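Structure record follows, encoded as structure tokens.
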Amino acid sequence: MNYWLFKSEESCYPIDALAAEKGKRAHWDGVRNYQARNLLRDEIKKGDLAFFHHSSGKPTGITGIVEIVKSGYPDHTAEDPDSQHPDPKHTEDNPIWYMVDVKLKRRFKETLPLKLLKETPGLEKMMVCQRGARLSIQPVRPEEWKIVMKLAEGL
DNA sequence: GCCAACGTTGGC
DNA sequence: GCCAACGTTGGC
């Protein structure tokens, strides 16, 4: 089992929006970056866990945990010209973009601020703490996961 | 709102 | 295939 961090702009799709979904489940669609796509398509499997991270938030930081309930499959929203991120090169026969399905597992009482993560020993190498780390789907090391969970317990 | 960092595009 | 220009992300 592997750990991940999924970024979402708070103003775009906050954790409360996921909490309000039927069954607290949703497609994690709209990812249009090849590096993130490769992770969604090849690496992220059903049963994996991911932090739900608010970017551009108040504050920005980790707000909860989602479970991957369906491994990568073609992101059909790319075929819809009215969707947020259409791509005419993506077709049913030749898919380019992928998504997974997630289910909200836990919502933290408060957001764990990015600032706190950056100050916490052991998280120095965590990708989200790196300057200029824009990747919207990030791998998380098991030891980093453990440390963040400890922080969450202290909320 | 600024701007650094990064990804993508496109001319050559 | 290089790389400058451009667009976007996202922390601050």
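Predicted, not measured: the structure shown is a model, and the values here were computed from it. Quick note on labels: first sequence line is chain A, next is B, and so on, each numbered from 1.
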If you take the centroid of each ring, where Trp contributes its six-membered ring, are Trp97(A) and Tyr34(A) closer together than 6.0 Å? yes
- Please walk me through it: do Asp75(A) and Arg32(A) pass salt bridge (charged side-chain N to carboxylate O under 4.0 Å, His left out)? CA-CA 10 Å; Asp75(A) 178 355; Arg32(A) 299 292 181 266; 2.9 Å; yes
Taken to the nearest whole Å, NE2/His54(A) to C1'/dT9(C) is 17 Å
To the nearest angstrom, the NZ-C1' distance between Lys115(A) and dC12(C) comes to 12 Å
Worksheet item: Given side chains that start at C-beta, do those of Pro86(A) and Asp80(A) come closer than 4.5 Å, heavy atoms only?
Response: no
Here the distance between atom P of dA4(B) and atom CD of Gln130(A), to the nearest Å, is 19 Å
Checking dC12(C), dT8(B), dG10(C) against the side chain of Tyr34(A) (C-beta onward), the nearest is dT8(B)
- Query: Hey, does the side chain of Lys118(A) come within less than 4.0 Å of dC12(C)'s phosphate (OP1/OP2), counting only N and O?
  - Reply: yes
The nucleotide from dG11(C), dG10(C), dC6(B) with an atom nearest the side chain of Arg134(A) is dC6(B)
Between CG of Leu117(A) and C1' of dG11(C) the distance, given in whole Å, is 13 Å
Whole-Å distance, Asn33(A) CG to dA5(B) P, equals 19 Å
Would you please confirm or rule out a distance under 4.0 Å between OP1 or OP2 of dA5(B) and any side-chain N or O of Arg131(A)?
-> yes
Rounded to whole Å, the CG-C1' distance (Asp87(A) to dT8(B)) equals 13 Å
Smallest heavy-atom separation, Glu67(A) atom then Gly47(A) atom, equals OE2-CA, 4.2 Å
Taken to the nearest whole Å, NE2/His85(A) to C1'/dT8(C) is 12 Å
task = Look at all strands and tell whether Glu9(A) reaches a base, only sugar-phosphate, or nothing, counting heavy atoms closer than 4.0 Å.
result = nothing
When rounded to whole Å, the CD to P distance for the pair Gln84(A) and dT9(C) reads 11 Å
